[in-house]
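The structure appears below as structure tokens.
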Amino acid sequence: MSKVLKFGGTSVGSAGNIRKVAEIVIAEKSTVTVLSAMSGTTNALVEIASRAEKDPKDPKLEELFSMIRGKYARCICELLEDREDALKRTAQTLDIIRTEVTGYGPKSEKIILAQGELLTSYIFTCYMKEAGQRAVLLHAPDFIRKDYEEKVDMTLCENKLRQLVTDPDTYYITQGFICSDSSGNTDNLGRGGSDYSAALVGGAINAAEVQVWTDIDGMHNNDPRFVENTYPIPRMSFDEAAELAYFGAKILHPATIQPCKDRGIPVFLKNTMDPDAEGTMISEAEDNSRIFHAVAAKDGITVIRIYSARMLMAYGFLRKVFEIFEHHRTPIDMITTSEVAVSLTIDSDCHLEEIVKDLEGLGKIEIEKNNTIVCLVGNLEHQQRGLAETIMKGINGVPLKMISYGASHRSIAMLVDTRHKREVLQSLNNSLFTQNRC
Ligand code: ASP
Ligand code: MG
């Protein structure tokens, strides 16, 4: 039974945590282990790249180099008996970064950003070997490759991994986040992309399961940063997890779920700091035992309202509206319509001015910024009596700007002013979750 285990930045963030990771990898008999960079590294590398682009002689760069050198050297000295190779490798990594900084070019950013995952996976492989395990380090850009449309070539990934992952008694270790582009240059899957790497590997080797290890005990029913008395959800379906991930549940990269969903591979969210905690299992199975499963919130939402008498009894009006958003490559999150108005929300204001200019040809436009979408996910079968009433009571009088209900049986999205976010999340938690929990 093959398993893919992925560990995030905090899980590999210190020598002590790396030891815990190794214990878990061995206890679970992980087939392929996908690692993020040690926490804080990618942020530092992003800063290095952006400073180098402006001024390769920026004095802050030296500070960032020595921060990275210190962090990894300290970890190596605490973790390994035989430190020579790993320290040499750290020095080489810094040389690579320096070379890119001095001769900063179009490929430099991607090369710089890749170094955290490369070094972390190297150190972990050394540790596994020292612990007497058979461990092989795989270079992710060899098997995760984007095609001309920026999509990962799954067939190549499957074929390459079939050749590489052959011995059931070997621990294969690789980097999350990094890949190659269609010309073979270093590239990445975007910030937080290691989860996606794990899902791709899981899909490619047709793993029995993918485990995503972080420092939280699974997907919570509500955001623990804002709300008291949240709890991890033991089981949820792929579709629910996708809705929650999209609407702000930060624990999982939304795209992660797809390669696993396509092949019916369950994804487990687990806590490295508390490996015995149940965590969350995401699978095909729907959990029908409860009505309300979880709430997530997404900030930074802008509402655009279009009032137009021309909408009355007309057809083709919405098409014209959508075409404008398509033209400006801006996705719409929520939409509600009446006979004479349509309200839409977007989460990116990059093209707001141009969009508004184009929409003005269709009617009167109103913009409201600083809103939050609160998305309630569960078994919201529409024939249930009193469902809407229960939800409305649950928000306890907080003013609602928009509601989107009925698109699926799984979710209801409500738009509130961001000032009311904490209040609405807490009051939904008190009324729909903690009260009814048995
Ligand atoms: N290290 C990368 C980041 O911080 C990728 C990841 O951890 O998923 O974005
Ligand atoms: Mg992450």
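If you read the sequence from its start, that first residue is 1, and numbering goes on from there. Remember, it's 1-based here, ligands and their atoms both numbered in the order they're listed.
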Min heavy-atom dist Gly176 to ligand 1 below 4.0 Å |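 No, Gly176 has no heavy atoms under 4.0 Å from ligand 1.
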Hey, does Gly8 sit under 4.0 Å from ligand 1 if you only count heavy atoms?
->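 False for this residue.
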Just jot down the ligand 1 atoms closer than 4.0 angstrom to any heavy atom of [X], in number order.
| X | value |
| --- | --- |
| Ser36 | 6 (C), 7 (O), 8 (O) |
| Ser194 | 5 (C), 6 (C), 7 (O), 8 (O) |
| Glu117 | 1 (N), 2 (C), 5 (C) |
| Arg191 | 3 (C), 4 (O), 9 (O) |

Distance-only donor-acceptor check, side chains Gln258 and Asp262, under 3.5 Å |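 A pair is found: one side chain offers a donor N or O, the other an acceptor, under 3.5 Å apart.
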Looking just at side-chain N and O atoms, do Thr31 and Ser2 make a donor-acceptor pair shorter than 3.5 Å?
->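 Looking only at side-chain atoms, Ser2 and Thr31 do not form any donor-acceptor pair under 3.5 Å.
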Verdict with reasoning, Glu278 to Lys270, per salt bridge (charged side-chain N to carboxylate O under 4.0 Å, His left out) | CA-CA 7 Å; Glu278 191 181 358; Lys270 300 278 288 176; over 6 Å; no
Taking it one step at a time, do Asp153 and Lys146 satisfy side-chain contact (heavy atoms from CB on, under 4.5 Å)?
-> CA-CA 6 Å; Asp153 183 340; Lys146 288 185 192 167; over 6 Å; no
Return a yes/no value for Gly192: is any of its N or O atoms, backbone included, closer than 3.5 angstrom to an N or O of ligand 1?
->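 Looking only at distances, the answer is yes, because the N/O contact criterion of under 3.5 Å is met.
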Give yes or no for whether the N/O distance cutoff of 3.5 Å, strictly under, is met between Thr42 and ligand 1.
->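 Yes - when backbone and side-chain N and O of Thr42 are compared with those of ligand 1, one distance drops under 3.5 Å.
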Go through Glu286 and Arg410 one step at a time and tell me if the salt bridge (charged side-chain N to carboxylate O under 4.0 Å, His left out) criterion holds.
-> CA-CA 10 Å; Glu286 302 274 343; Arg410 256 180 227 99; 3.2 Å; yes
Hey, mind stepping through Asp58 and Lys60 against salt bridge (charged side-chain N to carboxylate O under 4.0 Å, His left out) and telling me if it holds?
-> CA-CA 5 Å; Asp58 184 332; Lys60 185 86 202 295; over 6 Å; no
